[in-house]
Amino acid sequence: MEISQKRAADVNIRIMKHFIALILALSSPLAFASAQPEIGIDAGSAKARVSPLHHGLMTEEINHCYDGGLYAEVIQNRSFNDDEKKPVHWSAFPSEHSSKLTMDREGSLNASQPISLRIDAEKLGGVANDGYWGIPVYPKTKYKIRFFARAAQGGPKVLSAKLVGDDGTLYGKVRIAGVDSSWKKFECELTTKDIKPTAKAKFAIVSEKAGAFWLSTVSVLPPTWKDRPNGMRRDLMQMLADIHPRFLRFPGGNYLEGSTPETRFKWKETLGPIEERPGHQGPWGYRSSDGVGLLEFLLWCEDLEMEPVLAVYAGYSTEGGRINAGTDLEPFVQDALDEIEYVTGSIDTKWGAKRAANGHPGPFKLRYVEIGNEDWFDKSGSYRDRYVQFNDAIKKRFPALKLISSIGSEQKAELLVNQRIPDVLDEHYYRSTDEFIKNARQFESYKRGNQEVFVGEWAAHEDASVRPWDKGSRSLPPTPSMLAAIGDAVWMTAMERNADLITMQCYAPLLVNVNPGAGQWRPNLIGYDALRSYGSPSFYTISLFAKYIGDEVLNITTYPEGVHVSATRESKTGVIYVKVVNGTGLDKAACIKLTGVRGTFSGRQLRISGDNSATNSLDNPTSVIPQESSLADFSECLDLTLLRNSINVLILNPKKAEQ
Ligand code: AHR
C-alpha cells in the first residue's frame with residue numbers, strides 16, 4: 001500500500017472510532033451529567049477559617065526513612081550493633097585476605113558502644129563499609145569524616161580513609177595520623193575528585209602498616225541541609241520544603257511505641273554526641289542509629305519553619321506490651337513531662353539546661369502533644385485510664401498545651417476517651433481510592449463542638465485487596481500511581497471543605513528507600529536511593545494543595561456528580577483557590593460560578609493528570625507533574641474542561657489583587 005493510501009485509511013479508521021466513541025458517550029448517563037454543569041462557590045462570606053497548621057508532615061523510622069534516607073549519614077551499622085554476631089555492611093578491604101575482622105566486646109569506647117571492630121590488617125589492608133545500598137559520591141564535594149580509633153602497642157599509627165568505586169576507582173582519600181593505644185576521636189574532611197556522581201562505591205579505612213587497630217562510631221556525611229553538623233540530606237529536605245508543611249508529627253507511629261516497651265523511642269538516649277547514643281531496635285525490622293534524635297527532630301522543625309507536634313509514649317507497644325495506669329505508669333508520665341520540659345523549658349530547668357548543653361539554649365514553640373499512637377489496638381480499653389493520668393499531669397504542669405487522643409471517631413465509640421475531653425482526636429485513614437471517594441462526605445456530618453480533628457495519618461492505595469501493610473504490597477512500586485493521587489486529592493478536598501474541624505492533617509508514610517528489601521509499607525510519598533530522589537504524583541498533588549490554601553473556607557453550593565471540589569480564599573488579597581478533582585474516565589465540561597463577589601477574575605490552572613497507572617520513578621521522575629496554563633479573564637462563569645482523571649488547582653485573582 002502506498003504511504004498516502006495508508007494514511008487515508010488510518011484517518012478513516014480514526015474518524016469511525018471517534019464517531020462510535022461519541023455515540024457511546026452520548027448514550028451514557030455521565031455524558032448527560034457533563035453538559036455544562038455548574039460548580040457553585042459562595043464567595044460572599046467565608047464559611048470558616050482554615051487552620052494555619054492544616055498541612056503538615058508525619059514521619060517515623062520506617063522504610064529506611066531516616067537511616068538510609070533523610071539522615072545524611074552514609075555509613076550503615078556505624079556502631080557495629082546492627083547484628084550481634086557479625087559486622088554486617090563491613091568487609092575486609094581491598095580483598096578478603098587484607099585483614100581479619102572481629103567484633104570485640106572488650107575495652108569498648110563507652111557504655112553506649114559496647115562493641116568495637118578489631119581489624120588485624122596487612123600493610124595497606126583494612127575495612128570497608130558498603131553504605132545504605134551504596135555510598136553516594138558526588139564530584140568535588142567535601143565529606144565530613146568522624147570516627148574513633150585505637151591501635152595495638154606497636155601497631156599502625158597512620159590510617160587512610162578513602163571513597164572507592166566498586167571497580168576500584170579512587171574518588172578521594174585523606175591521611176589520618178596520631179593513632180595510638182588509647183581511644184581518640186579523629187575528624188577530617190575528604191574532597192572528591194571531579195567525577196560522575198555514583199553510588200557504586202564504598203568507604204574504606206586502611207592501615208599504612210600491618211598490625212591491629214580498632215574502630216568505633218564511624219560516621220561520614222556529605223554536605224547537609226543548612227550545613228547542620230549531624231544533619232539531613234539536602235535533596236530530600238528540599239522536597240519536604242516543597243510540600244510547604246506547617247507542622248511535623250513525630251516520632252511516630254509505631255516507632256514511638258516500639259514493639260515492646262523496652263524498644264520504644266527512648267528520647268533521653270537519643271541526645272548528645274552520636275557516640276553516646278546506643279541506638280535501638282525499631283518496630284519495622286531493623287535497628288535505628290538514633291542519629292535523628294529528639295533535638296534533630298526539633299532542628300528539622302526549625303529549619304523548615306514547622307511547628308512540632310510531639311507524641312509521647314503512653315504505655316502501649318505494638319506487640320501488646322502494656323503498662324497499667326497507676327503507679328506502674330508514673331515513670332512514663334514523668335518521662336513525658338521531662339520531654340516537654342526539654343522542648344519548651346528555660347535553661348533554668350533541668351531538661352531545658354540539657355537542651356542548652358546539647359547546643360540549643362532557646363526553647364521551642366510547642367502547642368500540641370499527642371498521648372501515644374493508635375491506642376485503639378489495645379482492645380482492653382486501658383487507654384482511657386492511661387490518658388487520664390497523662391492528661392492530668394501534663395495539664396497541671398503545662399496548662400496551655402492542647403492534648404491529642406490517639407483514638408479518634410473512626411474507632412468504636414466504646415474505646416474513645418470519656419473521662420476527660422481531649423482537645424484533639426487523631427484519626428487515621430489508609431483507604432483505597434474508591435473508599436476515599438465513597439466516604440468523601442463523611443466530615444460534613446461530624447458534630448462541631450470543642451474538639452479539633454487531626455487526621456494524623458492518611459494515604460490512598462490503588463487496590464482495596466492489597467492493603468499497605470500486606471506483605472503483597474511490597475512487590476508493587478513503593479510509591480503510588482495516578483489512581484492513588486486521585487484518591488488523595490479527593491480526600492484533601494474533603495478535609496479542606498471541613499478545615500474548620502480538621503485543624504491538622506498529614507500523609508503517611510512520607511519517605512521510602514526504593515531498594516529491594518528497604519521498605520516495609522507502600523505507598524509512600526517520596527522515593528529515593530543513595531543518590532537520587534523523586535516525588536510521586538501524590539507528592540505533587542499535596543504540594544499544590546498546601547501551597548495554594550488561603551485562610552478562609554468557602555462554601556460549595558453545587559457540584560456535578562463524580563467531581564470533588566473545595567474552595568478557599570486568602571483573606572488579605574481576595575485570591576480564591578479552587579481544587580477540582582475529576583476522577584471519572586470522561587472529560588467533563590463545567591462552569592465555575594462565583595457568587596457573592598463582583599468584578600473580573602484572572603487566573604491560572606495547575607493540572608495533574610494521566611492514566612490510572614501513570615506514575616513516577618527514579619528513572620522517570622517527572623512523568624506525572626503539574627502542567628500550568630493561564631485562564632481567560634471571567635466575571636461570572638469560568639468555563640473549563642476538566643480532563644478525565646485530573647486534579648486541578650485554580651488560582652483566581654480578583655483583577656487588582658496580587659497573587
Ligand atoms: O504509617 C505506617 C504505620 O501506620 C504507623 O506507624 C502506624 O501509626 C500506622 O498503623
Side-chain angles (χ1 to χ4, degrees), residues 56-67 69-70 240 243 245 247-261 263-265 280-286 288 292 297 309-321 368-379 383 404-408 410-411 415 424-432 435-436 453-461 466-474 476 478-480 484 487-488 491 504-513 518-527 536 538-539 542:
L57 302 179
M58 189 273 169
T59 68
E60 62 176 320
E61 184 58 274
I62 182 173
N63 303 320
H64 284 275
C65 164
Y66 307 141
D67 288 355
L70 188 61
L240 299 185
I243 303 179
F247 69 87
L248 175 69
R249 174 177 179 241
F250 68 89
N254 293 3
Y255 185 60
L256 165 77
E257 303 165 86
S259 310
T260 60
T263 54
R264 70 189 187 277
F265 181 78
H280 75 285
Q281 178 63 39
W284 296 105
Y286 60 97
S288 164
V292 178
F297 280 113
V309 174
L310 175 70
V312 296
Y313 179 72
Y316 183 78
S317 296
T318 60
E319 284 174 10
Y368 289 92
V369 171
E370 178 155 11
I371 312 299
N373 176 61
E374 293 189 341
D375 284 80
W376 41 268
F377 272 112
D378 173 8
K379 303 295 180 217
Y383 185 61
I404 306 171
S405 161
S406 80
I407 305 187
E410 89 286 21
Q411 301 302 329
L415 290 173
V424 189
L425 299 180
D426 181 3
E427 304 187 356
H428 293 180
Y429 297 97
Y430 293 106
R431 288 177 170 170
S432 68
E435 290 164 333
F436 270 149
V453 173
F454 173 27
V455 184
E457 293 180 28
W458 64 267
H461 48 275
V466 191
R467 297 298 188 188
W469 47 89
D470 290 343
K471 281 233 164 80
S473 79
R474 296 186 198 169
L476 299 174
T479 52
D488 292 331
W491 195 238
M504 299 183 283
Q505 54 92 354
C506 42
Y507 184 101
L510 194 60
L511 296 165
V512 64
N513 185 315
Q520 296 79 41
W521 185 285
R522 74 129 353 238
N524 310 281
L525 205 61
I526 296 170
S536 61
S538 299
F539 164 79
I542 293 176

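Remember, it's 1-based here, ligands and their atoms both numbered in the order they're listed.
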| task | Give a yes or no on whether the ring-centroid distance for Phe250 and Tyr66 is below 6.0 angstrom. | result | no
| said: Just to verify, what does Gln505 make a side-chain hydrogen bond (donor to acceptor under 3.5 Å, both in side chains) with, not counting sequence neighbours? | reply: His55, Trp458
| Does a donor on one side chain and an acceptor on the other come within less than 3.5 Å for Tyr286 and Glu61? | yes
| query | Under a strict 4.0 Å criterion on non-hydrogen atoms, which protein residues are in contact with ligand 1? | reply | Glu60, Gly253, Asn254, Trp284, Asn373, Glu374, Tyr430, Glu457, Pro509, Trp521
| For Val424, all residues meeting side-chain contact (heavy atoms from CB on, under 4.5 Å), sequence neighbours excluded | Tyr368, Ile404, Glu452, Phe454
| Side-chain donor-acceptor pair present, Asp375, Ser406, cut-off under 3.5 Å | yes
| request: Identify, with sequence neighbours excluded, every residue that meets side-chain hydrogen bond (donor to acceptor under 3.5 Å, both in side chains) alongside Ser288. | output: Tyr255, Asp290
